[in-house]
Amino acid sequence: MKSETINHLTPIHLSKSFDGDTLAHFFFQTDKKAAALHSETPTEIQDLAKSGTFSGAAKSVFFIRGSYIDQINLLIAGLGSKKEFTPEKARLTGAMVANRVSSEKVKTFGINIDGMLKGSNKATVEAILPALLEGFYLAQYTFDKYKSQKNGNQKLESIHLVSEDRKNETWLKKIIHDALITIDCVFLTRNFSNEPSNHGTPEYYANEISKLCKTYGLKCKVMGEAEARKEKMELFLCVGAGSERESKVVIMEYTPKTGAKSAKHVSLVGKGVTFDSGGISLKPGMRMEDMKHDMTGSATMVGATLMAARLGCKNKITTILVFAENMPSGTATQPGNIIRARNGKTVEIINTDAEGRLVLGDALDLAHDYKPDVIVNTATLTGASSVALGKLASALFANDEKLAKTLMASTEVTEEALWQLPLWDEYFEDIKSQYADMMNSANDSNGGTIRGAIFLKQFIRPGMKWAHVDLANRAYDQGYLAYNPRKGSSGVYVRTFAHFAMNF
Ligand code: BES
Ligand code: ZN
Ligand code: ZN
């Protein structure tokens, strides 16, 4: 019996037979109800199929307590029609199964791989199984580190992938290994994003990221305010000017072990505002607590960088994370202040709540120094992103159509939708300043997501390929997808940016 454990995730074992308490069978939907079920399928399941109660419809889950077979519990779940199958359906089914497994207080859970293989082939299992595991684990996520009473004793103890065929062992191990890395990295992003800002300070993230880099063999550099000042990052520094907590720039560098000549170099950049009170342009109190999530851009890029690194990415990655706390105080930046950015351009601060673009402006300029082929950044940049797109997709901007297409191709694999919005320079007219080269906000709130992107574009040097994803509308409270928590960070786009870094 081989097992795979990563950090605090429930361990998965490969087993030839199952002696745990609940064994799951997954089926595609079929018109001829029972046809999907082969002769070895437990009679209870066949009966459910024959009566039409279970047809294999996507997301349908049945639990049969104490079956004929050795009294184990059976769980059956549908994957929907084979023709319309997408891994996302397996992800959602996995999440429904996880909820059932937890409400039935299952302790040892098996998944019948041979049954799955009988209904399909290896390629199909390769599509289903990782997604199933992702949905299953992601749905169980809780952020309970500050809860006195944890759900500990009801917890699932182990998962078993059951296959009689020993030839499947290496193949299954690889699937499990990659899926667990993916899940672990999404959890890391969720944990970072959910951390309240009294604990999740710039210094906290810098320390945590340094430790992670050490663990996974990446180089890590941390700059405090004095070093950032030497780097002329005044635009970045003006955001944390009102905070007691020191701002930090963190640079993670991943170099592939096999230095292939074809290796490319991507710079990933993330907004890391650990709390966005709005500063002197103070936000209203309603839901201000959500602004602890305003470092989700950075959290996402940390998750994506480590995921790519741990999956053996062949490209070089330089990740730049800018952490600052946006607070009002006697030393805070004020509306009307004019700040010189690292690239020499001057910015008139109109609204201290438009601070994400300030930290990112200098971070994007710094990214060029590492000479990447492309720069991709993400940020909880504008509330207007929800107005523009609702919650099903975040906005993508790119100054290069091929880069936009490559990112879109990644989203097709990961099934985390992005929607491209235009980067029309005409919008720069709205942020021209009377006193400086530009303003950080316009008098018009319509089209705010595009203007945010146009502001960032001022920090991209000629010839550099660049894309920006404004994930403010999807960073947290995305419970409409069964594998996301109802409240708190979703961890969306970690998989997409990792896939991009590995395949662009
Ligand atoms: N962090 C916010 C954006 C945000 C809003 C994220 C809601 C998640 C949920 C950002 O710093 C901000 O306040 N943006 C302003 C920009 C405006 C002043 C130009 C906004 O969206 O109102
Ligand atoms: Zn703000
Ligand atoms: Zn913000």
Side-chain angles (χ1 to χ4, degrees), residues 193-194 197 200 202 205 235-236 238-243 247 269-300 321-328 332-337 347-363 377-391 394-395 421 427-428 430-433 438-458 468-478 487-490 492-493:
S193 173
N194 286 331
S197 54
Y205 292 113
L235 203 55
F236 159 68
C238 86
V239 172
S243 167
S247 303
V269 178
K271 167 178 174 181
V273 173
T274 57
F275 187 73
D276 183 10
S277 68
I280 297 295
S281 316
L282 194 64
K283 282 184 182 292
M286 183 84 131
R287 301 213 60 180
M288 204 204 263
E289 69 276 16
D290 286 343
M291 286 302 114
K292 70 171 184 177
H293 295 297
D294 210 23
M295 32 56 66
T296 304
S298 273
T300 305
L321 313 154
V322 268
F323 292 104
E325 187 184 58
N326 187 20
M327 294 292 283
T333 301
Q334 299 146 341
N337 290 179
V347 179
E348 182 187 3
I349 309 299
I350 297 299
N351 188 328
T352 62
D353 196 13
E355 84 299 337
R357 60 198 73 188
L358 305 180
V359 294
L360 281 176
D362 276 351
N377 78 260
T378 194
T380 47
L381 202 69
T382 66
S385 61
S386 299
V387 180
L389 287 169
K391 58 191 172 184
S394 284
L421 293 184
Y427 282 91
F428 185 67
D430 303 340
I431 51 170
K432 276 193 174 154
S433 161
M438 66 191 105
M439 308 187 289
N440 76 329
S441 139
N443 294 318
D444 182 0
S445 67
N446 294 325
T449 300
I450 302 182
R451 248 190 324 271
I454 287 294
F455 183 93
L456 296 182
K457 192 171 174 239
Q458 309 313 309
H468 155 58
V469 171
D470 187 342
L471 50 57
N473 64 332
R474 301 197 72 200
Y476 52 85
D477 300 0
Q478 301 288 298
K487 278 269 319 150
S489 173
S490 63
V492 70
Y493 301 121

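Just so it is clear, the structure is predicted and the values come from calculations on it, not from any experiment. Whatever order the structure lists them in is the order used to number ligands and atoms, beginning at 1.
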Open item on the list: List ligand 1 atoms under 4.0 Å from Tyr476, heavy atoms only on the residue side.
Closed with: 8 (C), 9 (C)
- [ ] Using a distance threshold of 4.0 Å (strictly less than), state whether atom 13 (O) of ligand 1 has a protein heavy-atom neighbour.
- [x] yes
- [ ] Verify the distance criterion only: is there a donor paired with an acceptor across the side chains of Ser433 and Glu348 at less than 3.5 Å?
- [x] yes
TODO: Please confirm whether the backbone N or O of Leu456 pairs with a side-chain atom of Arg357, one donor and one acceptor, at under 3.5 Å?
DONE: no
Open item on the list: Using a 3.5 Å cut-off on N or O atoms only, is Asp294 in polar contact with ligand 1?
Closed with: yes
Task: Over all atoms of both residues, closest heavy-atom pair of Ile349 and Cys238 - done: CD1-SG, 4.4 Å
Task: Under-4.0 Å salt bridge between Lys487 and Asp290 - done: yes
- [ ] May I ask you to identify, for Phe275, whether its side chain, its backbone, both or neither come under 4.0 Å of ligand 1 on a heavy-atom basis?
- [x] neither
Open item on the list: I'd like to know: is the Zn ion (ligand 3) within the 2.8 Å range of an N/O/S atom from Lys271, strictly under that distance?
Closed with: yes
TODO: Ignoring angles and geometry beyond distance, decide whether Lys283 reaches within less than 3.5 Å of ligand 1 through its nitrogen or oxygen atoms.
DONE: yes
Task: Taking atom 2 (C) of ligand 1 as the reference point, the nearest protein heavy atom with its distance - done: Asp276 OD2, 3.5 Å
- [ ] Answer yes or no: is there a side-chain heavy-atom contact under 4.5 Å between Tyr205 and Ser298?
- [x] no
Task: N, O or S atom within Asp276 nearest to the Zn ion (ligand 3), by name - done: OD2
Open item on the list: If you define the side chain from C-beta out and look only at heavy atoms, does anything of Lys391 sit under 4.5 Å from Val492?
Closed with: no
- [ ] Could you say whether the N/O atoms of Glu355 and ligand 1 ever approach to under 3.5 Å?
- [x] yes
TODO: Please report which non-hydrogen protein atom sits nearest to atom 15 (C) of ligand 1, along with the residue it belongs to and the distance in Å to one decimal place.
DONE: Asp353 O, 4.0 Å
Open item on the list: Out of Asn351, Val359, Asp444, who is nearest to atom 18 (C) of ligand 1 when you count heavy atoms only?
Closed with: Asn351
Task: Partner of Phe275 by side-chain contact (heavy atoms from CB on, under 4.5 Å), out of Met327, Met295, Glu289 - done: Met327
Open item on the list: Please state which option from Ser385, Gly383, Ser277 has its nearest heavy atom closest to atom 5 (C) of ligand 1.
Closed with: Gly383
Task: Side-chain touch Asp362/Val322, heavy atoms, less than 4.5 angstrom - done: no
- [ ] For the residue pair Thr333 and Glu355, establish whether any side-chain heavy-atom pair is separated by less than 4.5 Å.
- [x] no
Open item on the list: Regarding Thr382 and Thr449, do their side chains bring together a donor and an acceptor under 3.5 Å, going by distance alone?
Closed with: yes
TODO: Would you indicate which of Arg474, Arg357, Arg451 comes nearest to atom 19 (C) of ligand 1 when only heavy atoms are counted?
DONE: Arg357
Task: From Thr382, Thr352, Leu381 - option closest to atom 10 (C) of ligand 1 by heavy atom - done: Leu381
TODO: Pull out every atom of ligand 1 sitting under 4.0 Å from any heavy atom of Thr380, numbered as shown with elements.
DONE: 1 (N), 2 (C), 3 (C), 6 (C)
- [ ] Would you name the N/O/S atom of Asp294 that lies closest to the Zn ion (ligand 3)?
- [x] OD2
TODO: Please report which non-hydrogen protein atom sits nearest to atom 17 (C) of ligand 1, along with the residue it belongs to and the distance in Å to one decimal place.
DONE: Ala354 CB, 4.2 Å
Task: N or O contact, Ser441 vs ligand 1, cut-off under 3.5 Å - done: no
- [ ] Just jot down the ligand 1 atoms closer than 4.0 angstrom to any heavy atom of Met291, in number order.
- [x] 1 (N), 6 (C), 7 (C), 8 (C), 9 (C)
Open item on the list: Restricting to N, O or S atoms, which atom of Glu355 is closest to the Zn ion (ligand 3)?
Closed with: OE2
Open item on the list: Quick one, Pro335 and Ile280 - any side-chain contact, counting heavy atoms below 4.5 Å?
Closed with: yes
Task: Between Thr380 and Thr296: side-chain donor-acceptor atoms closer than 3.5 Å - done: no
Open item on the list: So if I count the atoms of ligand 1 from 1 in the order they appear, which ones are less than 4.0 Å from some heavy atom of Ala472?
Closed with: 6 (C), 8 (C)
Open item on the list: Taking the basic N atoms (NZ, or NE/NH1/NH2) and the acidic carboxylate oxygens, is any pair closer than 4.0 Å for Asp477 and Arg287?
Closed with: yes
Task: Polar proximity ligand 1 side, Lys271 side, N/O cut 3.5 Å exclusive - done: yes
